[in-house]
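This report refers to the structure that appears directly beneath it.
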Number of protein chains: 2
Amino acid sequence: MSTPRSDPLALEVVDLIGTVVARYHEEYAEAATRHHLTVAQARVLALLATEPAAMRSIARQLRCEPSNVTGIIDRLEARGLVERLPDPVDRRVRIAAATDEGHRTARDLGGAPSFAREALAELSAEELGTLRDLLRRIPGCGGTDV
Amino acid sequence: MSTPRSDPLALEVVDLIGTVVARYHEEYAEAATRHHLTVAQARVLALLATEPAAMRSIARQLRCEPSNVTGIIDRLEARGLVERLPDPVDRRVRIAAATDEGHRTARDLGGAPSFAREALAELSAEELGTLRDLLRRIPGCGGTDV
DNA sequence: CATGATTGTTTCAGAAAATCAAGCATTTCT
DNA sequence: AGAAATGCTTGATTTTCTGAAACAATCATG
């Protein structure tokens, strides 16, 4: 069951989540700056390092307009971190993929693994398991994509 | 004690945190847009609704250049949501404070309370307590300010 | 199969956000 | 009092972002 959550405890938890969010972002921004990338560029590069994606798909994942993605990819491409490839199936589509150097940079950026190492260092495996189970119960966090 | 955290479990937790971060941001952006505010403006307004702050202090909390804050406050001021007040102690300092309408807008924005209501609805009070305790153990999340 | 609608990307114009360097006023230090 | 430091703003520039319009390619349908 669940009661309407406006009690102090829920607010404190939200506040803590807010702090984690802030820290997450801060480290991300720092790592990006270290590599002379903006946050938006680093985000897209990390995304493409996982797997190549069509422009439209990137826009959907970033929840922004496709025309915005064009510019970001332009700049990443100009630096040799990303390249545009044709889609063999649909000739309208252009697939952005990380180059070798892009993959190297993405790896250097750290991202999730480094956050895992630094932020969760204090928690035991059992506590991590509990944390995972609780986070999974937050709606919209079960599936990979909406 | 703590082991180096690069194991799959830690990575999954970071991934979940990432999802929560994304959701947090998404709702923030949505609420801001609803009020014809940008995310940056909404963030500053929420900050000032809690308590007035000098420009420099805002910049520190946003981790950006003071000159950036000038512009954001300019636009909020132009819309009557914020006003600049002199600091009675130091005549260099300008204190930004939310106006009555600014406070109203900030309240309408929802922010933490609405996230608490929607995202944490499924968790019981006991589970929330556990979650709080675990989040508190993430370094840099204990104190209010760095 | 031809035509019309839809889709995927880009271009353009424009606002906002962000950085950096410089400038100005005020405060603090010596 | 004079020099250094502090707080904010301005101006120039880049990046992010949106929305409208253009264009090519695909799809749907009669």
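Just so we're on the same page: letters track the sequence lines, and every chain starts at 1. The shown structure was predicted, so the numbers you read here are calculated from the model rather than taken from an experiment.
Under the side chain to side chain contact (heavy atoms under 4.5 Å, CB included) criterion, E83(B) pairs with L85(B), T99(B), sequence neighbours left out. Under the rule for a ring-ring contact (aromatic ring centres under 6.0 Å, His included), Y28(B) has no partner lying at least two apart in sequence or in another chain.
Shown for residues 35-49 of chain B: no residue has heavy atoms falling under 4.0 angstrom of DNA chain D.
With 3.5 Å as the limit, one finds a donor-acceptor pair spanning the side chains of S57(A) and Q61(A).
Cluster annotation: L9(A) and L135(A) are assigned to the same hydrophobic cluster (Ile/Leu/Val/Met/Phe/Trp/Tyr, side-chain heavy-atom contacts under 4.5 Å, transitive).
Judged as a side-chain hydrogen bond (donor to acceptor under 3.5 Å, both in side chains), the pairs with a partner in residues 87-97 of chain B (not counting sequence neighbours) are, in order, D90(B)-R92(B).
Taking for each of L62(A) and R91(A) the nucleotide of DNA chain D with the nearest heavy atom, the 5'-most of the two is the partner of L62(A).
Scanning all heavy atoms of the two residues, the minimum distance from H36(B) to Q41(B) falls at O-OE1, 4.5 Å.
The footprint of chain A on DNA chain D, defined by a heavy-atom cutoff below 4.0 Å, extends from dT15(D) to dT26(D).
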Inset, instruction - Could you encode protein contacts along nucleotides 4-10 of chain C as a string, one character per nucleotide from 5' to 3', using B for base contact, S for sugar-phosphate-only contact and - for no contact, with a heavy-atom cut-off of under 4.0 Å? - result: ---BSSB
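Although no hydrogens or angles enter the test, the distance criterion places a donor-acceptor pair under 3.5 Å between the side chain of E77(B) and the main chain of R84(B). The backbone N or O of E122(A) lies less than 3.5 Å from a partner atom in the side chain of R137(B), making a donor-acceptor pair.
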Inset, instruction - Show the numbers, then the answer: is there a side-chain contact (heavy atoms from CB on, under 4.5 Å) between L48(B) and I58(B)? - result: CA-CA 9 Å; L48(B) 295 181; I58(B) 300 174; 3.9 Å; yes
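Taking atom CZ of residue R75(B) and atom P of nucleotide dG14(C), one finds them 17 Å apart after rounding to whole Å. The distance from atom CG of N68(A) to atom P of dA15(C) is 17 Å, rounded to the nearest whole Å.
No more than 12 heavy atoms of other residues, nucleotides or ligands shown are found within 6.0 angstrom of NE2 on H25(B).
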